[in-house]
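Report on the structure given below.
Within every chain, numbering begins at 1; the chains are lettered A, B, ... in the order of the sequence lines, protein sequences first and strands thereafter.
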Protein chains: 2
Amino acid sequence: MLRSRPYTRAADLLKLAGLRPTRQRRALARLLFDDENRHVTAEQLHAEARHDGAEVSLATVYNTLHQFTQAGLMREVMVDPGRSYFDTNTSEHHHFYYEDTGRLQDIPEESIALAALPKPPLGTAISRIDIIVRLSETPR
Amino acid sequence: MLRSRPYTRAADLLKLAGLRPTRQRRALARLLFDDENRHVTAEQLHAEARHDGAEVSLATVYNTLHQFTQAGLMREVMVDPGRSYFDTNTSEHHHFYYEDTGRLQDIPEESIALAALPKPPLGTAISRIDIIVRLSETPR
DNA sequence: ATTAATGCAAAATCTTTGCACTTTC
DNA sequence: GAAAGTGCAAAGATTTTGCATTAAT
């Protein structure tokens, strides 16, 4: 007898986010969300997808990263002028940025305690607090 | 009798930084350092300089901003993918970023107390900590 | 004179867009 | 079949570069 379609976490995730589970989105979602949290640039993810045999154009990777971000599945991290990083960890947390290699690494929210946060100016609300701890390699 | 050349803070600043006090650099330095701290993009500063009658090319503005940064007179702030901001305040401090207008505003270092800073991974040292408090306008 | 800085236009990046074609619902 | 998504190549935007000219030491 017929069995239901194989379990596809990627497709389910996409549906929940209100995005059509197209072949390209499923492939990218698998790369991004199947294992642990990831930090990628569009170029990196595109290379990885192609390497995996997924046929996706770079434009679609950009579109998809923005759609995922807008859908709340990812967030954008700004650490490098002229190159956007996207992070699959959407919970409150911060980052180490290895200036030499371009690698990003999460810092759990709790491990940086913010005291005495200034209140936002009138008419505005804090939408997000980004903390980047920039690291350089110590010679020797 | 002959008097010494008029006092030119900009030229002195440049000399101290090891940069030749050319007409363009003096003009930009005056705009940047004469009054209070400033946050500018290359495009903004270029427009401002031209508006002031200074003849400077955009390429030179870019060069100059990077030279000033390398000389320790400014620092670069990353808040917007695809647009670099430069800040004349080089002391330790952080930023409010008004997402709607693109304006940057300093937050004094003391007004954010960092507790429990995680130690940098072996072989690396913290080169800088950037904190961006992103603000959005509250409707109403 | 020597060395460094500038301008310009061209190139390099990264990212977005327009539109015909394809896929999903 | 209607609506949404994709690919491609072209266009945008920002930033960098090469090299002849100009300016500072």
Side-chain angles (χ1 to χ4, degrees), chain A residues 5 8 10-31 39-50 53-71 73-74 76-86 102 104, chain B residues 5 8 10-31 39-50 53-71 73-86 102:
Chain A
R5 298 219 322 247
T8 51
D12 295 345
L13 188 73
L14 291 168
K15 282 202 198 117
L16 282 174
L19 296 167
R20 283 190 181 178
T22 65
R23 174 174 55 73
Q24 292 86 341
R25 286 179 181 161
R26 287 196 311 268
L28 297 176
R30 245 176 265 122
L31 288 172
H39 303 94
V40 298
T41 64
E43 200 71 54
Q44 277 169 15
L45 183 60
H46 182 238
E48 198 174 330
R50 303 298 289 248
E55 303 198 350
V56 197
S57 73
L58 182 57
T60 295
V61 172
Y62 273 107
N63 288 339
T64 304
L65 284 172
H66 284 127
Q67 289 151 356
F68 285 4
T69 299
Q70 195 157 1
L73 299 175
M74 308 188 74
E76 194 168 356
V77 183
M78 271 142 294
V79 285
D80 184 325
R83 181 171 279 96
S84 289
Y85 284 77
F86 293 84
L104 271 178
Chain B
R5 297 222 322 250
T8 50
D12 296 345
L13 188 72
L14 291 169
K15 283 201 196 118
L16 282 174
L19 296 168
R20 284 191 180 177
T22 65
R23 174 173 56 75
Q24 292 85 342
R25 286 178 182 163
R26 287 196 310 268
L28 297 177
R30 245 176 265 123
L31 289 172
H39 304 93
V40 298
T41 64
E43 200 71 55
Q44 276 169 16
L45 183 59
H46 182 237
E48 199 174 330
R50 302 299 290 249
E55 302 198 352
V56 196
S57 74
L58 182 56
T60 294
V61 172
Y62 273 107
N63 288 338
T64 303
L65 285 171
H66 285 127
Q67 289 151 357
F68 285 5
T69 299
Q70 194 156 1
L73 301 175
M74 308 188 74
R75 59 186 252 189
E76 195 169 356
V77 183
M78 271 143 294
V79 286
D80 183 327
R83 180 172 279 96
S84 290
Y85 284 77
F86 293 85

What integer distance in Å separates B:Asp80:CG from C:dT15:P?
12 Å
Nearest of C:dT6, C:dG7, C:dT15 to any side-chain atom of B:Arg25?
C:dT6
Would you say the side chain of B:Leu65 lies within less than 4.5 Å of the side chain of B:Tyr85, judging by non-hydrogen atoms?
no
List the atom pairs, with distances to 0.1 Å, where a side-chain N or O of residues 56-63 of chain B and a protein N or O form a donor-acceptor pair under 3.5 Å, not counting sequence neighbours.
| residue | atom | partner | partner atom | Å |
| --- | --- | --- | --- | --- |
| B:Ser57 | OG | B:Thr60 | N | 3.2 |
| B:Ser57 | OG | B:Thr60 | OG1 | 3.1 |
| B:Asn63 | ND2 | B:Ala59 | O | 3.4 |

With sequence neighbours excluded, tell me which residues meet side chain to side chain contact (heavy atoms under 4.5 Å, CB included) with A:Pro81.
B:Glu76, B:Met78, B:Ser84
Would you mind classifying the nucleic acid contact of A:Thr41 as base, sugar-phosphate or nothing, using non-hydrogen atoms under 4.0 angstrom?
nothing
Quick check for you: name the first and last nucleotides of DNA chain D, 5' to 3', having an atom under 4.0 Å from a heavy atom of chain A.
D:dA3 to D:dC8
Heavy-atom pair with the smallest gap, counting every atom of A:Ala17 and A:Ala71
CB-CB, 4.1 Å
Which comes earlier along DNA chain C counting from the 5' end, the contact point of B:Pro81 or that of B:Gln67, where each point is its nearest nucleotide?
B:Gln67
OG1 on B:Thr64 to CG on B:Leu73, rounded to 0.5 Å:
11.5 Å
Nearest whole Å is fine: how far is C:dA12 P from B:Leu58 CG?
19 Å
Within less than 4.0 Å of OP1 or OP2 of C:dT16, is there a side-chain N or O belonging to A:Tyr62?
no
Nucleotide nearest B:Thr60 when distance is taken to its side chain, options C:dT15, C:dT6, C:dT24:
C:dT6
Look at the side chain of B:Arg23 and the backbone N and O of B:Glu55, then say whether any donor-acceptor pair between them is shorter than 3.5 Å.
yes
Using heavy-atom distances to pick each residue's nearest nucleotide on DNA chain C, tell me which of B:Ala59 and B:Leu19 is more 5'.
B:Leu19
What does B:Glu55 touch in the nucleic acid at a heavy-atom separation under 4.0 angstrom: a base, only the sugar-phosphate, or nothing?
sugar-phosphate
Between B:Gly82 and B:Arg20, which residue's closest nucleotide on DNA chain D lies nearer the 5′ terminus?
B:Gly82
Mark yes or no for whether B:Arg26, through its side chain, and B:Pro21, through its backbone, hold a donor-acceptor pair below 3.5 Å.
yes
Hey, does the side chain of A:His66 come within less than 4.0 Å of C:dT16's phosphate (OP1/OP2), counting only N and O?
yes
Closest-nucleotide ordering on DNA chain D, the 5'-leading residue of B:Arg23 and B:Asn63:
B:Asn63
